[in-house]
Colleague: 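Quick one: the structure is below, and I'll ask about it shortly.
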Amino acid sequence: MRIAINTGGGDAPGLNAAIRAATLAALKRGWEVLGIKNGYGSIYTDEPFITLDEQAVQGITLQGGTILGTANRGNPFEMPYEKEDGEWGTKDVSDQLVNTFKEHEVDALIAIGGDGSMNIASKLIKKGLDIVGVPKTIDNDIYGCDVTLGFDTAISIATEAIDRITTTAESHHRLMVVEVMGRYAGWIALYSGIAASADVVLIPEIPFSYDSIVEKIKEREAKGRHYTMIVVAEGAKEQDGELVTKGKTVGQEVQLGGIADRVANKLSERTGKESRSVVLGHLQRGGSPSTYDRLISLRFGAAAIRCVQEHDFNKLVVLQDNQLKRIPITSIAEKMKSVSLESDTVQTARDIGICLGD
Ligand SMILES: Nc1ncnc2c1ncn2[C@@H]1O[C@H](COP(=O)(O)OP(=O)(O)OP(=O)(O)O)[C@@H](O)[C@H]1O
Ligand SMILES: O=P(O)(O)OC[C@H]1O[C@](O)(CO)[C@@H](O)[C@@H]1O
Ligand SMILES: [Mg+2]
């Protein structure tokens, strides 16, 4: 058996642990393991694959990033390229990718990625590739999956950052607005916001009104709390408002960001209080994975190889109700997992007095 492994989309803490577990579990079965560099990037070059042996994955469980490199601009069905007139367009190079797999007699692909990577995998499955998916993204937004690798580390970092910003907010009697990642889902904002005792948490699933936040700030002032901590997801938006974005590059998803600044300015105007905004950005994705992420990544990586061994393809290995399960990749393509407004976590936020902006 010859398998290939790739990592796609934004990097996340735990990717290397998943690569290591998949590689070691495959080598243990006497299989050959290839790595694809930079998403699917190396496929179109003279050296489409590298060899992954024991030495290649030695000591990488604790390393951030991915030893394979990744890409969030390189969907084989919409590959960006520069046209003769200097403009950028996209083209479908998926046949070239499928042919390279066939020429190199690759029996199965372990695709480690987020929702975007699973959409690509789903289309490649329909073109005849045998794929097993591993759910990765700090955003925790993959449908059918209780938790994705990278999320735990991201919320730990965000929680620590919010804790630290709270002490300066209190000292300066300021409104502090902290912007966290998560794309169109509020998992990072909600979990880190609750854990760090934020006063206001704004998530994409609950469009917010400034009136509601101002009321919360006034309530706190009346109690002698002259500072307010506001956590905002990058994908949050005002009721009847638009997403705040930084534009789009051809072949890449729209870049979100800037909502914290907007909220901070508006709240200063409305309350007369001094405000500052902080964007946590890629801090949330970098560095060594938490213990939880190391373990879940190792479990996902090894489970993917058991899937291959059983020829159980077109499956994403997932955690559901604390058990490893397998779900068809094609069944989750083009879906996303939002925060449920009925969840006990949202109820907890409300019960302990966190304003959710509605
Ligand atoms: N293997 C890959 N090679 C090149 N591009 C990829 C690959 N996998 C995914 N992409 C592209 O990267 C983007 C994001 O992918 P995905 O949703 O899997 O990642 P993510 O962890 O959610 O992070 P993010 O969306 O922010 O980059 C999508 O536009 C997708 O087309
Ligand atoms: O690395 P980039 O292109 O800035 O991507 C940022 C995006 O990737 C993620 O970090 C992971 O999906 C999102 O939370 C964020 O919107
Ligand atoms: Mg994504």
Side-chain angles (χ1 to χ4, degrees), residues 4-15 18-19 35-45 48 64-66 68-80 90 92-94 97 101 109-124 129 131 133-143 145 148-151 153-155 157-158 179-189 192 203-204 232-236 243-259 279-286 316 329 332-338:
I5 304 177
N6 86 326
T7 51
D11 68 334
L15 277 172
I19 294 168
I36 305 169
K37 298 279 289 178
N38 308 325
Y40 289 113
S42 62
I43 290 288
Y44 320 104
T45 69
T66 157
L68 293 175
T70 188
N72 60 8
R73 186 173 185 238
N75 178 343
F77 295 89
E78 285 172 49
M79 180 64 85
T90 59
D92 184 345
V93 296
S94 57
L97 185 145
F101 272 77
L109 168 68
I110 309 293
I112 312 178
D115 57 330
S117 305
M118 294 312 138
N119 291 342
I120 296 170
S122 172
K123 290 185 181 164
L124 292 174
L129 291 193
I131 302 182
V134 169
K136 164 264 15 170
T137 171
I138 64 161
D139 302 338
N140 198 33
D141 59 353
I142 302 183
Y143 193 83
C145 196
T148 54
L149 76 85
F151 176 62
T153 311
I155 54 174
I157 305 239
E179 181 174 309
V180 297
M181 285 185 167
R183 294 212 71 82
Y184 309 109
W187 298 102
I188 298 178
S192 61
I203 59 175
V232 59
E234 62 180 3
L243 273 176
V244 184
T245 71
K246 290 186 165 169
K248 185 173 170 4
T249 310
V250 174
Q252 196 167 35
E253 286 172 32
V254 65
Q255 207 186 336
L256 303 180
I259 180 79
V279 179
L280 294 190
H282 298 85
L283 266 179
Q284 295 158 95
R285 272 189 3 208
L316 176 70
I329 293 176
I332 58 141
E334 310 297 342
K335 293 187 184 166
M336 77 167 261
K337 184 186 69 175
S338 303

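Order of listing sets the numbers, starting from 1, for every ligand and every atom in it. These numbers come from the heavy atoms of this one structure, side chains and all, not from hydrogens, waters or symmetry mates. Owing to the predicted nature of the structure, the values given are computational and were not obtained by experimental measurement. In this chain, numbering begins with 1 at the start of the sequence shown.
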Colleague: Give the atoms of ligand 2, by number and element, whose distance to some non-hydrogen atom of H282 is under 4.0 Å.
Modeller: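 Within the 4.0 Å cut-off of H282, ligand 2 contributes 1 (O), 2 (P), 4 (O).
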Colleague: Polar-atom distance check: G114 versus ligand 1, any N or O pair below 3.5 Å?
Modeller: yes
Colleague: Ignoring hydrogens, what is the shortest heavy-atom contact between G113 and M118? Give both atom names and the distance.
Modeller: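 Shortest heavy-atom separation between G113 and M118 comes out as O-CE, 3.5 Å.
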Colleague: What protein heavy atom sits nearest atom 15 (C) of ligand 2, and how far away is it?
Modeller: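 Scanning the protein heavy atoms, the shortest distance from atom 15 (C) of ligand 2 goes to E234 OE2, 3.4 Å.
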Colleague: Using side-chain contact (heavy atoms from CB on, under 4.5 Å) as the criterion, point out the one residue from L256, L280, V244 that pairs with E234.
Modeller: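 Filter result, single survivor: L256.
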Colleague: Return a yes/no value for I138: is any of its N or O atoms, backbone included, closer than 3.5 angstrom to an N or O of ligand 2?
Modeller: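 Among all N and O atoms of I138, none is under 3.5 Å from an N or O of ligand 2.
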Colleague: What protein heavy atom is closest to atom 17 (O) of ligand 1, reported as residue, atom name and distance in Å?
Modeller: D115 OD1, 2.5 Å
Colleague: Under 3.5 Å, N or O to N or O, is G39 touching ligand 1 that way?
Modeller: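 No, no N or O pair falls under 3.5 Å.
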Colleague: Among all protein heavy atoms in this structure, tell me which lies nearest to atom 3 (N) of ligand 1, with the distance rounded to 0.1 Å.
Modeller: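 Going atom by atom, the protein heavy atom closest to atom 3 (N) of ligand 1 ends up being Y40 N, 3.2 Å.
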Colleague: What do you reckon, does T7 have a nitrogen or oxygen under 3.5 Å from a nitrogen or oxygen of ligand 1?
Modeller: no
Colleague: Can you tell me the protein heavy atom closest to atom 4 (C) of ligand 1 and the distance?
Modeller: G74 O, 3.2 Å
Colleague: Can you pull out the closest protein heavy atom to atom 8 (N) of ligand 1? Residue, atom name and distance to 0.1 Å, please.
Modeller: S117 OG, 3.0 Å
Colleague: I need the nearest protein heavy-atom contact for atom 16 (P) of ligand 1: residue, atom name and distance, please.
Modeller: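 For atom 16 (P) of ligand 1, the nearest protein heavy atom comes out as G116 N, 3.5 Å.
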Colleague: Quick one: nearest non-hydrogen protein atom to atom 6 (C) of ligand 2, plus distance?
Modeller: R285 NH1, 3.5 Å
Colleague: Does G113 reach ligand 1 with a nitrogen or oxygen that is under 3.5 Å from one of the ligand's nitrogen or oxygen atoms?
Modeller: no
Colleague: Just how far is it from atom CD of E253 to atom CZ of R183, taken to the nearest 0.5 Å?
Modeller: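 The CD atom of E253 sits 5.0 Å away from the CZ atom of R183.
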Colleague: I'd like to check whether G251 has a polar contact with ligand 1, where a contact means an N/O of the residue lying under 3.5 Å from an N/O of the ligand.
Modeller: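 N/O-N/O distance below 3.5 Å does not exist for this pair.
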Colleague: Applying a heavy-atom cut-off of 4.0 Å, say which part of I120 lies close to ligand 1: side chain, backbone, both or neither.
Modeller: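 Side chain only.
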Colleague: What residue and atom, counting heavy atoms only, is the protein's closest point to atom 3 (O) of ligand 2, and at what distance?
Modeller: N72 ND2, 3.0 Å
Colleague: Quick one: look up the protein heavy atom nearest atom 21 (O) of ligand 1 and list residue, atom name and how far away it is.
Modeller: K136 NZ, 2.5 Å
Colleague: I'd like to know if G182 contacts ligand 2, where contact means a heavy-atom distance under 4.0 Å to any ligand atom.
Modeller: yes
Colleague: Under 4.0 Å, heavy-atom basis, I'd like to know which part of N6 is in contact with ligand 1: side chain, backbone, both or neither.
Modeller: side chain
Colleague: Would you say the Mg ion (ligand 3) has D115 as a near neighbour, meaning an N/O/S atom of that residue under 2.8 Å away?
Modeller: yes
Colleague: Within the structure, does E253 bring an N/O atom to less than 3.5 angstrom of an N/O atom in ligand 1?
Modeller: yes
Colleague: side-chain contact (heavy atoms from CB on, under 4.5 Å), that's the test. Do I112 and L68 meet it? Break it down for me.
Modeller: CA-CA 11 Å; I112 312 178; L68 293 175; over 6 Å; no
Colleague: Students should be able to answer this: which protein heavy-atom is nearest to atom 24 (P) of ligand 1, and at what distance?
Modeller: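 I find the closest protein heavy atom is G10 N, 3.8 Å.
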Colleague: Closer than 4.0 angstrom: is that true for some heavy atom of D139 and an atom of ligand 2?
Modeller: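 Per 4.0 Å heavy-atom rule, D139 contacts ligand 2.
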Colleague: What's the shortest distance from atom 25 (O) of ligand 1 to any protein heavy atom, and which residue and atom give it?
Modeller: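 That would be R183 CD, 3.8 Å.
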